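The first residue of the sequence shown is numbered 1, and numbering continues consecutively from there. Note that the structure is predicted; figures quoted are calculated from it, not measured.
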Amino acid sequence: AFGYAALKLNTIGINNSAFGYQALIANTTGSYNDASGANSLRENTIGSYNVAQGNGTLWSNISGNRNIAMGWHAGYGNATGSDNISIGYEAGLNLTGSHNTIIGGYTGPTGSAVNNATLIGNYTTVADISNSIVLADGSGNTSLIINSSAIVSAVNTSDRYIGLTINGTTYKLLLST
């Protein structure tokens with residue numbers, strides 16, 4: 001541990017690395033965590049196998065396991081969710097739930113307890129996206145949503161079709177007007 005109060009309350013947690021002001025300060029029994037940056041994994045007490053790189057990453061994590069967060073305040077609000085990946089400035093800032101992948105600055109779900117979702121693109125916020133894949137254009141405009149029923153929705157696009165390739169054959173799915 002390196003930094004003021006880094007790993008300060010650790011009791012039996014093993015193989016933790018804490019670098020930065022109050023990184024992993026509340027950890028007591030969590031093990032195999034890597035926190036780098038001021039206040040990274042700050043509230044973690046029993047969560048294990050987490051990687052937090054950047055100021056305030058996974059700040060609120062208490063018991064979540066196997067989370068990865070990189071970027072200023074990435075994964076900040078996750079307290080108990082596990083198996084999440086948040087990459088980008090404030091990516092997954094208010095994310096709760098598990099098994100999510102959030103890539104892009106200011107990107108994340110607006111609802112709570114989102115599970116099994118993937119969001120890619122800067123400035124992307126979408127509600128009720130559990131079991132979905134969301135792609136955005138990087139300016140906050142959602143371009144494509146694929147949900148768990150394999151329903152594909154194209155949003156804010158000038159294209160009139162979606163190309164779908166199956167076993168090397170490309171099919172054009174026409175969009176309704």
Could you check whether any side-chain N or O of T28 sits under 3.5 Å from a backbone N or O of T45, counting only pairs where one atom can act as donor and the other as acceptor? yes

Residue pairs passing the side chain to side chain donor-acceptor pair (under 3.5 Å) test where at least one lies in residues 2-11, sequence neighbours excluded: N10-N27

d(I85 CD1, I103 CD1) to nearest 0.5 Å is 7.0 Å

Please check: side-chain N/O of N100 versus main-chain N/O of N116, any donor-acceptor pairing under 3.5 Å? yes

Provide the full list of salt bridge (Lys or Arg N to Asp or Glu O under 4.0 Å) pairs with a residue in residues 92-109, sequence neighbours left out, each pair given once. none

Just jot down the side chain to side chain donor-acceptor pair (under 3.5 Å) partners of D83, sequence neighbours excluded, or say none. R66

Taking atom CD1 of I46 and atom CG of N61, what is their separation to the nearest 0.5 Å? 9.5 Å

Scan for salt bridge (Lys or Arg N to Asp or Glu O under 4.0 Å) pairs involving residues 43-63, sequence neighbours excluded, and state none if there are none. none

Please set out all donor-acceptor pairs under 3.5 angstrom arising from side-chain atoms of residues 16-23, sequence neighbours excluded.
unit_1	atom_1	unit_2	atom_2	d
N16	OD1	Y32	N	3.3
N16	OD1	N33	N	2.9
N16	OD1	N33	ND2	3.2
N16	ND2	G30	O	2.8
Q22	OE1	R42	NH1	2.1
Q22	OE1	R42	NH2	3.2

Atom pair CG/CG of N78 and L95 - distance to nearest 0.5 Å: 5.5 Å

So among I133, V126, T125, which one has a side-chain contact (heavy atoms from CB on, under 4.5 Å) with I129? V126

Once the angle between the rings of Y89 and W72 is folded into 0 to 90°, is it parallel (under 30°), tilted (30 to 60°) or perpendicular (over 60°)? parallel

To the nearest 0.5 Å, atom CD1 of I62 lies from atom CG of N44 at 8.5 Å

Keeping the roles fixed (side chain from T107, backbone from G105), state whether a donor-acceptor pair exists under 3.5 Å. yes

First locate atom OG of S82, then atom CG of N65, and finally report the distance between them rounded to the nearest 0.5 Å. 4.5 Å

How many angstroms lie between atom CG of L7 and atom CG of L24, to the nearest 0.5 angstrom? 5.0 Å

Between the side chain of N50 and the main-chain N/O of G64, is any donor-acceptor distance below 3.5 Å? yes

With distance as the sole test, does S86 use its side chain to make a donor-acceptor pair with the main-chain N or O of I102 at under 3.5 Å? no

In terms of the angle between their ring planes, are H73 and W59 parallel, tilted or perpendicular, with boundaries placed at 30° and 60°? perpendicular

N122 backbone acceptor or donor facing T124 side chain under 3.5 Å: yes

Can you confirm whether Y76 sits close enough to S60 that some side-chain heavy atom of one is under 4.5 Å from a side-chain heavy atom of the other? yes

Tell me which pairs pass salt bridge (Lys or Arg N to Asp or Glu O under 4.0 Å) where either residue lies in residues 95-104, with sequence neighbours left out. none

